[in-house]
Amino acid sequence: MVELLALGRAVAAGAGVALGWLALRTFRRRDRPAASSYAVLLVSLAVTALCAAATAHTGTPYKLVWLYTGLAIPLALALFAFDYYGIVGVGDRTRRLAALAPAVAGAVGGTVVVLGTPAMSPGTTAPIPALTGLPPAVVGLAGTLYEAGTYYTTAVMLVAVGLVGRSVLRYDHLDARLAPVIAFVGVWPWVANLFVPTVTAATSLGVGVAGVAGGYTVGALAAAVAVGPLSLFESSPMAGTVGPDVVLDSMDDAVLVVDDEGHVLRMNAVARETFGVDEATVTGGPLVSVVDCRPAALTDGATVTLPTTDGRRTFAVTRSTVRDRTDAERGYALVLRDVTRRQTREQRLDVFNRILRHNLRNDATKIIGNARLIGDGGDPEQCADRIVDTTRELVGAAERARELDQIVEAPADATADLAPLVAAVVEEVRETYPEVSVSTAVPDDVTVDASRDTVAVALRNVVENAAAHNDADDPLVVVSVDATGDGVEVAVADNGPGIPDHERAVVERGEEDPLEHGSGLGLWTTQWAITAAGGSLSFGENDPRGAVVTLSLPAAGGDAPDDTGAAASGAGAGATGASNAAAETAGDGGGRSSG
């Protein structure tokens, strides 16, 4: 029997080392689903097997290790099962502590029983005699806690085995042999601790230790087979069993679930971040409180522009009806995909295609025609002036294209101080068009949440356009800035001929067609720059003559003071805030000069 005992201890030690090595190998694959929790389970088994080898199931240290691992292994198995099955209900700290509390209480009570009473100790006396003087009520409470912890962890173990079995049987791509293999790996220590003392008492210590060693050896082999031939980590049912909140938060698009009365029921993390709302605050409230848009406009396939934490963005809408088991309509789900960049890219392709096909061809034809006129005896000075003017237009188009690179490469988290920016743009325009009076009305310390280069491109195009095409006797352009409740408005007013209706219509509509298109890149570049900055572009009429172009931009930090009333509601809606100030100034020929 001595030889059997020694052999059993050696085999148990080998099984413990094998389980520890496999745990280390598994932990190195922790990028795989449930690998870390499986490694924790294997470490628990390895500690128990090594303890059995070291103590031969005798002595107080073994009793304590047996107690702790007997409570810990079911929890480790449950942790693995929850990870493998994709259950996230115990993810927060409070729930984890609540799940561990019965096992911890059982460990405390079991420790008192092991150390303070002879019932679970080798020999007839307690290992710590001082604890024998504990009141009977304390000893009884300790025993109750120990039993409750044991029953609790046993129930947890059975639930864990059931989850593994259910997941394996539910999905055809998982090997059905995984369920019994994983069940044996996790359940064997519990079985051994339950029956080995009885077997040892009926036979001998050597037989009991040998039986335990054999079980751990089979467990180590089963654990290795699960990872290897049965491909435990190559496929996981996690994606098919995670809850709806996890699925929604895993999506890259904003998702909102709305009932049939238009009240918000649920939204994912992207929606909360995009629209800057707290789910607990808006849940049960109207949809318009989140997206600032009439629900009727959010039809399937529609494209809408909405205010977000990054300014105004364009979204493609997917709307799906939500039905109950009786096929009755109970609401709908909205998926809002940000297509701002895609829309801008498509617009650029259309505009550049038109410029290549139409504008560049016409300009080249003009240059060739005037060059031939010179060769045929035409007025050289007049033809040369035409060639120079047309070439300047081509160079201007090239400059607009270069400006687009500034828009694309601008940092997303930049801010711009408007006072020096407006001053710099206005100074450039004054130098180019000295005959035009350019005035400003810009308060200090107004900052927008956009790149300086992006805002400069947009503003320069508008101011240059107002100056270049102004045919008034006393041409005047006024740039004014006002903070609004929604951000900052930069208005450019002039007393010129105004912007042709077809030019405005093309930009407002967002696309060109063969019969109606813009004459150049100016307004388009402004539109793209403002879109990249998260703002909007609107047009109004000046009184008595001219146009007012308003650039609405998000204020830096989103804390713009509400001192001028509401912002313009859309393109062509007329001037408000900065627009009114600029329009009145340009209309009466006065204004505060920034020079």
Subject >> Distance-minimising heavy-atom pair for P554 and G534 >> reply: CD-O, 3.8 Å
Subject >> Any side-chain heavy-atom pair of Y38 and V227 under 4.5 Å >> reply: yes
Subject >> Heavy atoms of other groups near R323 CZ, more than 12 under 6.0 Å >> reply: yes
Subject >> Minimum side-chain heavy-atom gap Y146-V114 below 4.5 Å >> reply: no
**OP:** Report yes if the side chains of D300 and T318 come closer than 4.5 Å at any heavy-atom pair, otherwise no.
**Re:** yes
Original post:
Minimum heavy-atom separation for V488 to A555, with atom names?
Top reply: CG2-CB, 4.0 Å
Original post:
Hey, are the side chains of L71 and Y152 touching, using non-hydrogen atoms and a 4.5 Å cut-off?
Top reply: no
Original post:
Going through the checks in order, is the side chain to side chain contact (heavy atoms under 4.5 Å, CB included) test met by L334 and F315?
Top reply: CA-CA 11 Å; L334 292 173; F315 297 90; over 6 Å; no
**OP:** Determine whether L41 and I73 make a side-chain contact, defined as any pair of heavy atoms from C-beta on separated by less than 4.5 Å.
**Re:** yes
**OP:** Under the side chain to side chain contact (heavy atoms under 4.5 Å, CB included) rule, what do T303 and T314 come out as? Steps first, then yes or no, please.
**Re:** CA-CA 7 Å; T303 301; T314 302; 3.3 Å; yes
**OP:** Identify the heavy atoms of A52 and V212 that sit nearest to each other, and give their distance.
**Re:** CB-CG1, 4.3 Å
**OP:** Measure from the side-chain N and O atoms of R30 to the backbone N and O of F27, and report whether any donor-acceptor pair falls under 3.5 Å.
**Re:** yes
Subject >> Heavy-atom pair with the smallest gap, counting every atom of L79 and S37 >> reply: CG-CB, 3.7 Å
**OP:** Give a yes or no on whether the backbone of L75 and the side-chain of T153 come within a donor-acceptor separation of less than 3.5 Å.
**Re:** no
Original post:
So do the side chains of F80 and V185 get within less than 4.5 Å of each other, counting heavy atoms only?
Top reply: no
**OP:** Please report the C-alpha distance between V209 and R9 in whole Å, then the side-chain angles of each, then the deciding distance to 0.1 Å, and finally whether the side chain to side chain contact (heavy atoms under 4.5 Å, CB included) criterion is met.
**Re:** CA-CA 7 Å; V209 172; R9 296 177 69 175; 4.0 Å; yes
**OP:** Measure the spacing between OG1 of T154 and CD of E147 and express it to the nearest 0.5 Å.
**Re:** 11.5 Å
Original post:
Hey, mind stepping through D449 and L553 against side chain to side chain contact (heavy atoms under 4.5 Å, CB included) and telling me if it holds?
Top reply: CA-CA 7 Å; D449 189 11; L553 296 163; over 6 Å; no
Original post:
Above 12 or not: heavy atoms from other molecules or residues under 6.0 Å from CZ of R319?
Top reply: yes
**OP:** Measure the shortest side-chain to side-chain distance between L4 and L205 over non-hydrogen atoms and say whether it is less than 4.5 angstrom.
**Re:** no
Subject >> A12 versus A213, closest heavy-atom pair with distance >> reply: N-CB, 3.5 Å
Original post:
When rounded to the nearest 0.5 angstrom, what is the spacing between CG in N268 and OG1 in T274?
Top reply: 8.0 Å
Original post:
Hey, what do you get for CZ (R312) to OG1 (T531), rounding to the nearest 0.5 Å?
Top reply: 10.0 Å
Original post:
What is the minimum heavy-atom distance between D31 and R28, and which atoms define it?
Top reply: OD1-O, 4.4 Å
Original post:
Do the side chains of L336 and V317 get nearer than 4.5 Å, heavy atoms only?
Top reply: yes
Subject >> Euclidean distance, D259 CG relative to R266 CZ, rounded to 0.5 Å >> reply: 13.0 Å
**OP:** Please round to the nearest 0.5 Å and tell me the distance separating atom CG of L67 and atom OG1 of T69.
**Re:** 8.0 Å
**OP:** With rounding to the nearest 0.5 Å, note down the distance linking CG in D338 to CG in D252.
**Re:** 11.5 Å
